[in-house]
Number of protein chains: 2
Amino acid sequence: MTRKTPKIRNMEEFASVSGLSRPTVSKYFNDPESVRASTRARIEQALEHYDYRPNIYAINQNRKLTKNVGIVVPYLADPFFAEIARNVEQRCIDAGFRPTLYSAHGDPALEVEILDSLRSLKPAGVLMAPLGRSSIRAEIEKFCGHVPTVLFDSNIPDLGLAFVGSNNTQFSMLMVEYLCRTGEPPCFLEMRTPSNPNANKRRQGYLDAMARLGLEPKVVRIDGEGWAFEEIGRAGAHGVFDAGGFPSTTVLCSNDRLAIGVLTACWEKGIRVGIDGEATIRVAGQDDHPLARYTCPPLTTIAQDYEAISSHAVNTLARAVEGEKKPHETTLFEGKLVMRYSA
Amino acid sequence: MTRKTPKIRNMEEFASVSGLSRPTVSKYFNDPESVRASTRARIEQALEHYDYRPNIYAINQNRKLTKNVGIVVPYLADPFFAEIARNVEQRCIDAGFRPTLYSAHGDPALEVEILDSLRSLKPAGVLMAPLGRSSIRAEIEKFCGHVPTVLFDSNIPDLGLAFVGSNNTQFSMLMVEYLCRTGEPPCFLEMRTPSNPNANKRRQGYLDAMARLGLEPKVVRIDGEGWAFEEIGRAGAHGVFDAGGFPSTTVLCSNDRLAIGVLTACWEKGIRVGIDGEATIRVAGQDDHPLARYTCPPLTTIAQDYEAISSHAVNTLARAVEGEKKPHETTLFEGKLVMRYSA
DNA sequence: CTTATCTCTTTACTCGCGTAAAAAATAAAT
DNA sequence: ATTTATTTTTTACGCGAGTAAAGAGATAAG
């Protein structure tokens with residue numbers, strides 16, 4: 001650590017101690033490459049001796065658009081979103097943006113509030129995973145009219161610059177195919193009122209796959225509101241067991257968190273889950289939740305391609321911010337089957 | 001929705017359409033109570049007709065301190081931190097602040113970077129859960145010298161305005177007492193190089209409790225770096241089993257995530273965990289991780305008082321921001337035993 | 001109705017930086 | 001050395017507010 005000598009109040013002072021003019025220094029901070037190498041060296045040397053950094057507020061006051069990027073996810077306490085947010089955040093930084101993370105905590109009103117306060121930050125762009133079904137489309141649409149926005153994870157048709165997500169239909173089809181190949185054809189477990197459109201795609205994938213295999217689909221719907229999926233899955237599964245059990249010894253859950261709840265219910269009912277001889281039921285999920293590998297038994301699931309989704313989303317936004325005009329585009333990444341011991 | 005008519009560019013324009021002068025409107029935005037009720041009504045009525053909000057950047061440019069508050073956690077993908085961050089965030093909003101959430105993603109260098117970029121936001125204050133052992137004390141100390149900072153969860157002695165956390169020693173003692181009362185005295189499982197000081201407190205609590213009960217303590221240390229606690233617990237437990245097993249049929253883990261990994265290892269080894277007749281081992285955790293209730297078997301653990309911690313931390317910061325001077329103060333909240341089926 | 005008090009309006013200056021235009025200095029090429 | 005191209009300096013204005021000071025207007029009390 002060099003000792004940072006006197007305090008520098010503003011760019012004017014910093015320019016003078018580095019022996020340059022303010023506009024030149026200003027140019028440097030906007031793009032270090034835009035000044036001659038020797039000048040750059042002088043500034044960077046001065047930066048090591050004096051503790052100065054431009055005032056963000058003064059910088060952004062005039063600029064029509066800042067380097068800020070908002071990342072909005074529906075529910076950060078869900079490790080799946082925490083993980084993808086982490087990915088997206090890092091890529092934003094790499095792309096030279098200043099990301100800020102927001103969670104709607106499952107509340108559509110809060111989601112709108114976030115967008116609202118985001119507008120006053122004049123962000124260069126926003127990466128948003130909408131709450132889904134319960135999102136207030138009109139509000140989001142209005143927001144997208146003001147700020148370049150890329151949606152991810154959960155689609156709202158034709159909104160924003162682009163959508164990047166997973167091919168949820170393929171997810172279910174892949175899993176159905178695997179489950180049928182290795183045991184009894186699955187029934188499909190989902191929430192009666194799924195909180196996001198991916199659930200519908202997954203159900204459709206299940207239905208399609210079963211139809212193609214000439215099998216009768218059996219969809220089991222359980223009640224529950226909100227984002228406490230594990231509890232919904234657990235309570236729902238108990239209800240199903242008490243009402244006579246699942247229509248198949250193989251249960252494909254709409255997502256991993258639901259599946260985790262189902263595993264808990266099975267444990268509580270003394271029902272062995274898995275693929276070995278003693279087990280009487282198989283349970284599979286979808287998403288590859290960070291804890292899916294650690295459930296008992298470890299959960300067989302479909303892995304989302306976190307990296308591809310986040311990297312493509314950020315790239316799309318970055319290009320749009322740089323002025324590239326493109327029609328609305330939907331990009332879906334395929335999932336990979338992760339075979340573990342629950343199915 | 002009222003249709004918001006023409007666009008208002010700045011406070012000058014907004015003042016004129018609401019039939020007032022700019023300084024008066026400015027006063028209103030700084031404190032609505034500071035203008036006469038009739039004036040306030042006129043402004044608020046204008047706000048419904050015209051879409052205007054003060055430019056954040058212009059506002060903060062001169063103010064020495066803003067309404068911003070930074071919330072820094074070590075690892076957001078850990079649902080425990082996501083949950084406490086959510087709590088803290090909400091309370092900051094209630095207290096009239098603009099919170100922004102940051103995660104160090106387990107990386108001390110990133111933590112320092114966050115503090116660095118936080119400084120240029122001129123926050124009114126910061127609520128920080130340090131990475132712990134690996135935090136770079138000197139840097140954080142420097143930061144605390146510039147920005148009022150309240151530490152939570154993980155303590156760094158005498159740093160910042162105050163520390164708010166859990167009484168980790170009590171956690172372990174409470175659990176040891178329970179475990180001894182209901183079965184074989186526990187051994188204690190922890191990482192060889194725990195990533196934060198709470199782990200040391202917990203070990204000490206275990207040692208104290210065992211000593212008080214006149215029992216011989218048995219600490220089992222496993223290897224592993226980083227924040228992938230579940231995997232560390234799983235791999236570590238496998239190692240222990242392969243080397244002859246735990247020194248007790250009761251395993252108290254330093255935290256829930258480690259315990260989750262141990263449960264997985266037990267499943268993989270075919271070892272039944274729990275308190276019923278068929279089980280051969282008991283496993284307990286500490287923290288009441290959001291998923292602890294859904295493990296198989298559901299994890300017996302010690303619940304942190306999220307609410308008390310976050311509320312006390314935010315209150316402490318708020319009072320300090322309002323000018324209250326107080327010596328450094330450490331507040332610890334007690335944990336509650338959550339009995340489930342793993343122990 | 002007068003006076004004392006608030007509240008609001010006017011006017012004017014500040015903050016830290018972006019940015020444009022013209023002049024000056026430096027570097028590269030002939 | 002001269003020309004040309006590039007970079008930097010000077011000068012100056014603008015952004016959207018905060019804020020201070022003085023005077024005018026409204027309100028409440030006597």
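A note on names: the letters A, B, ... follow the listed sequences, proteins ahead of strands, and every chain is numbered from 1.
Looking at A/Asn30 and A/Arg63, their side chains do bring a donor and an acceptor atom within 3.5 Å of each other. Between the side chains of A/Ser120 and A/Ser117, no donor N or O sits under 3.5 Å from an acceptor N or O. In this structure, a donor-acceptor pair under 3.5 Å is absent between the side chains of A/Glu13 and A/Tyr50.
Heavy atoms of A/Asn30 sit under 4.0 angstrom from primed sugar atoms or phosphate atoms, though from no base atom. Heavy atoms of A/Asn62 sit under 4.0 angstrom from at least one base atom. Contacts of A/Phe14 with the nucleic acid, taken as non-hydrogen atoms under 4.0 Å apart, are absent. Across all strands, A/Pro54 comes closer than 4.0 Å only to sugar-phosphate atoms, never to a base (heavy-atom distances). A/Tyr28 comes within contact range of no nucleotide atom at all, as no heavy-atom separation falls under 4.0 Å.
For the pair A/Gln61 CD and D/dG14 C1', the interatomic distance rounds to 9 Å; values are reported in whole Å. Between the NZ atom of B/Lys67 and the C1' atom of D/dG18 there is a distance of 16 Å, given to the nearest Å. As rounded to whole Å, 14 Å separates atom C1' of D/dG18 from atom CZ of B/Phe29. In this entry the distance linking CD of A/Glu33 with C1' of D/dT7 reads 15 Å, nearest Å. Atoms CD (A/Glu12) and P (D/dT9) sit 12 Å apart, rounded to a whole Å. Summarising the geometry, the separation between CG on A/Asn55 and P on D/dC15 is reported as 19 Å, rounded to the nearest angstrom. For the pair B/Met11 CE and D/dT19 P, the interatomic distance rounds to 11 Å; values are reported in whole Å.
Tested against A/Arg86 for a side-chain hydrogen bond (donor to acceptor under 3.5 Å, both in side chains), the candidates A/Glu89, A/Glu83, A/Gln90 yield a single pass: A/Glu83.
Ring geometry for B/His312 against B/Phe333 counts as perpendicular: the plane angle is over 60°, on a 0 to 90° scale with 30° as the lower cut. The aromatic rings of B/Phe14 and B/Tyr52 lie parallel to each other, their planes meeting at an angle below 30°, with 60° marking the opposite boundary.
In this structure, A/Tyr57 does not reach the D/dG18 phosphate: none of its side-chain N or O atoms is under 4.0 Å from OP1 or OP2.
DNA chain C is contacted by both B/Thr39 and A/Ser38; B/Thr39 maps to the nucleotide lying nearer its 5′ end (nearest heavy atom per residue). Looking at which nucleotide of DNA chain D each of B/Ile59 and A/Val35 is closest to, the 5′-most match is held by A/Val35.
Counting atom types as modelled, B/Arg22 pairs no side-chain N or O with a base atom of D/dG16 as donor and acceptor under 3.5 Å.
Between A/Asn196 and A/Leu131, the closest side-chain pair of non-hydrogen atoms is not below 4.5 Å.
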When you compare the protein's N or O atoms with those of nucleotides 22-26 of chain D, which come within less than 3.5 Å of each other, and at what distance?
none

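Under the 4.0 Å criterion applied to side-chain N and carboxylate O atoms, A/Glu307 and A/Arg91 are assigned as salt-bridge partners.
The span of DNA chain C lying next to chain B, judged by atoms under 4.0 Å from heavy atoms, is bounded 5' to 3' by C/dT7 to C/dG16.
In this structure, B/Lys122 places its NZ atom where more than 12 heavy-atom neighbours from other residues, nucleotides or ligands lie under 6.0 Å away.
Aromatic pair A/Tyr75/A/Phe80: centroids not less than 6.0 angstrom apart.
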